[in-house]
Amino acid sequence: MEKIDNYIKGTCTAMCPTEEIKMREREKMLHVLEMVPGTEKTRQPKASTAHMVKSFSRSAAGKQIKPETLRPPQVLLKTVKYLLCDVINTKRLPYWHSVYDFITDRLLAVRQDLVVQNVSKAESITILQPIVRFHAYAAYRLCEEGIANFDATLNNKHFQECLKKLLYIYDSYDFLNLEIKSVCNDYFIENRPEFEALYLIFNLGNDEALTRSLTIPKKCKTNVVKDATKLSFCFKYGNFVQACRIIKNLPALLAAVASLHLGEIRRRAFNIMSTAYHSKNLAFPCEVVREVLLYGSVDELLQDCKYYGIRGDNEHLYFSKQAFDSTKAKVGNRRELFVENKKMEDKLDVIILGL
Amino acid sequence: MTFMSVAHYLQLVERYWRSQDGAKVASFLSLRHEHAGYANYHIESPEGIVERFLTAPIDELVILHLKCLFAISQSDYLSAYNIQSNLTQTFTKILQSQKEENWSLPIMYVLCLDLRLLAQLAENQRSGINEKPGEMLEKAAECLMGCFRVCAADNRSAEEDTKRIGMLALVNQLFKVYFRINKLHLCKPLIRAIESSPFKESFSLSQQITYRYFVGRKAMFDSDYKVADEYLTYAFENCHKLSKKNKTLILIYLVPVKMLLGYIPSKEVLEKYDVIQLWDLVQAVCQGNLKAFDEIMEKHETFFIKCGIYLIVDKLKIIAYRNLFKKVYLILNTHQIPIEALQTALVYLGQTDVDLDETECIVANLIYEGKIKGYISHQHRKVVVSKQNPFPPLTSLS
């Protein structure tokens with residue numbers, strides 16, 4: 001029972017309303033990616049209409065939304081595809097974090113249009129899925145950036161918000177009557193396991209996420225969801241051996257998001273090992289730890305060990321209960337070799353748009 | 001079939017309000033009282049008739065109450081909720097204006113309970129794409145907080161007239177909301193308010209039991225098992241023996257908590273309170289029988305999830321590991337246990353994908369938690385356990 005009638009319907013057929021194009025050209029508020037090439041450096045850069053995308057602006061109280069400034073679902077989908085297929089690979093900006101800033105802002109405007117028009121469940125699902133994947137991917141790709149270039153917390157907020165909304169729609173989708181479902185032919189929810197797994201992995205060890213995974217319909221509990229659930233349990237119980245094994249074998253995007261927890265997993269592993277392998281005479285081979293904890297190289301491993309106060313040389317680590325410095329926070333995120341090897345950057349359209 | 005006439009009802013309300021009989025007024029404003037079911041009370045526009053009998057401020061309360069009954073009779077729970085919310089807020093203002101008196105607290109209890117129940121019904125009735133789950137309950141919680149603030153701020157009145165005695169009932173209502181919408185972190189300031197209240201011991205026993213039940217459950221989710229044990233035990237022991245259902249409910253949480261602390265519940269208690277599902281679990285954990293443990297988790301999955309104890313029960317597996325390894329240690333009768341022997345035991349009990357590295361990892365965790373005393377030699381693939389007390393009793397760990 002969706003109350004469709006009460007919501008405004010957009011009539012804007014371009015990615016950006018004409019009104020906004022004129023205004024932003026006049027006020028010199030065009031993004032480089034929206035300018036006609038060659039005019040960027042001029043005093044009055046020209047708007048390249050085909051590349052203009054509606055920018056995000058907070059809805060102010062009392063401001064009437066005009067239908068001609070709103071994009072209907074098909075146009076929103078086209079916009080998302082343009083951003084996440086073309087813009088994402090652009091070479092016109094020197095840094096990818098600038099590309100990220102542009103896309104994030106424009107996606108925020110997409111989400112705003114989505115909410116205002118109360119778009120149908122099926123269409124919302126189709127639009128939200130790539131947005132979620134984009135924020136997941138960015139969380140990993142930019143994980144080494146400083147706060148000046150990339151605000152991980154803010155990205156995580158977008159990520160979590162879109163993901164939760166998506167899951168909520170899936171849930172209500174379960175209650176739709178069969179008639180509608182047969183029309184949709186389950187096409188819209190066939191990706192659901194991927195996103196259920198993403199939610200588990202993004203919120204690793206979280207009780208609420210775990211409880212959810214236990215209660216979702218049986219047909220959604222595919223192998224990837226089962227692995228993600230197991231991973232979350234392993235994380236909770238300190239089983240770093242199996243946790244890392246599962247992470248290594250996850251599909252690229254999930255592995256990337258999971259790798260963001262490695263700092264925590266490794267810190268805990270070192271803490272546990274410092275107690276359990278505490279000995280004056282015994283040594284632990286570096287190569288085994290490197291492999292178990294998914295380090296790209298022994299050097300990286302030794303660097304972390306040194307940080308936590310664990311003694312080691314090129315061959316062995318010497319664990320000692322007293323040496324582990326529990327006051328040290330986890331090491332910052334790294335782009336991990338085993339994720340880099342999955343070469344996500346070469347097939348972003350497949351990974352993010354699911355084409 | 002009719003109940004007493006509305007006119008008669010209004011006269012009674014007027015009389016009870018004037019004589020400050022909070023309990024009587026409360027029952028007449030309750031959605032669960034007998035009168036609520038009769039069609040002559042389902043009035044769309046009750047202003048006219050109410051104004052003939054009642055004056056401010058009670059008139060407004062009754063008008064809203066009757067409107068709410070009408071909305072419910074139309075199965076329009078969203079409107080009913082909004083009216084009840086309005087009613088509660090109107091009452092909050094009246095409560096605030098009643099200085100140095102607390103006779104109207106029973107009315108507050110009834111309004112707030114009805115509000116929460118309605119919010120649950122309303123929650124199920126909406127299904128727009130932009131609505132967040134739990135939104136109605138969250139709004140209800142805000143409304144309850146309004147009452148709570150009035151009560152908590154009443155620190156001038158004498159002890160027998162203080163509204164602060166109403167705080168616990170509200171906190172319990174809020175707990176129910178927060179547990180339902182999974183926002184347990186919001187319980188913390190409420191707990192602090194009650195724990196620091198000078199009336200901590202003066203609240204009614206039933207309210208205290210409810211309170212401790214929820215605080216115990218929250219402590220359990222926070223992995224603070226000692227506190228959970230203390231609060232749930234109080235609730236269990238003080239809960240009236242005829243409230244078997246409530247005792248069962250408490251026991252469902254108390255048993256896993258006790259087990260994590262190293263205590264083993266008796267079969268008689270579990271049988272008496274119909275939670276025999278937990279007995280198989282107790283046995284599997286005690287024997288270190290991981291195969292049986294996995295089977296029980298699968299068999300009773302729905303039951304455990306429904307009670308919200310799946311995650312904590314699953315944690316007992318760690319204790320099962322400890323008990324199994326202790327058995328291997330006793331059989332081999334050596335202080336240097338080969339990891340391979342432990343792995344063999346794991347595989348034999350259905351943990352087929354566990355290899356030596358993972359077995360070591362499980363042992364490492366047990367040593368780290370103090371459940372095994374000793375250390376691991378990776379080179380020799382052996383656990384070297386302490387000569388004294390290598391498996392200290394779980395009750396000795398905190």
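From a predicted model like this one, the values you see are computed outputs, not experimental measurements. For the numbers below, each heavy atom of this structure counts, side chains included, while hydrogens, waters and symmetry mates do not. Naming convention: chains lettered A, B, ... in sequence-line order (proteins, then strands); numbering from 1 in each chain.
Across A:Asn271, A:Thr211, A:Val288, the residue that shares the most heavy-atom pairs under 4.5 angstrom with chain B is A:Asn271. The choice from A:Ala269, A:Ser274, A:Ser279, A:Ala283 that makes the most heavy-atom pairs within less than 4.5 Å of chain B is A:Ala283.
Within the 4.5 angstrom heavy-atom criterion, no atom of A:Asn281 approaches chain B. B:Ile305 touches chain A through its side chain: at least one heavy atom from C-beta onward sits under 4.5 Å away, while N, CA, C and O do not. With a 4.5 angstrom heavy-atom cutoff, B:Ile376 touches chain A via backbone and side-chain atoms both. Looking at B:Asn182, the atoms closer than 4.5 Å to chain A (heavy atoms on both sides) all sit in the side chain, from C-beta outward. B:Lys315 touches chain A through backbone and side chain together, each having a heavy atom under 4.5 Å away. Heavy-atom distances place the side chain of A:Phe284, and not its backbone, under 4.5 Å from chain B. If you measure heavy-atom distances from A:Phe319 to chain B, you find no contacts under 4.5 Å at all.
Residues B:Lys317 and B:Gln351 are in side-chain contact: their nearest non-hydrogen atoms beyond the backbone lie under 4.5 Å apart. Residues A:Leu128 and A:Leu114 form a side-chain contact, since some pair of their non-hydrogen atoms from C-beta on lies under 4.5 Å apart.
Sorted pairs that involve residues 268-277 of chain A and meet salt bridge (Lys or Arg N to Asp or Glu O under 4.0 Å), not counting sequence neighbours, are lacking altogether.
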**Report entry** side-chain contact (heavy atoms from CB on, under 4.5 Å) between A:His316 and A:Asp313, worked out
**Finding:** CA-CA 6 Å; A:His316 293 102; A:Asp313 50 42; 4.0 Å; yes
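Evaluation of the side chain to side chain contact (heavy atoms under 4.5 Å, CB included) rule for A:His278 yields A:Ser320, A:Lys321, A:Gln322 as partners, not counting sequence neighbours.
The cationic group of A:Arg311 lies under 6.0 Å from the six-membered ring centre of A:Tyr318 and within 45° of the ring axis, placing it in a cation-pi geometry.
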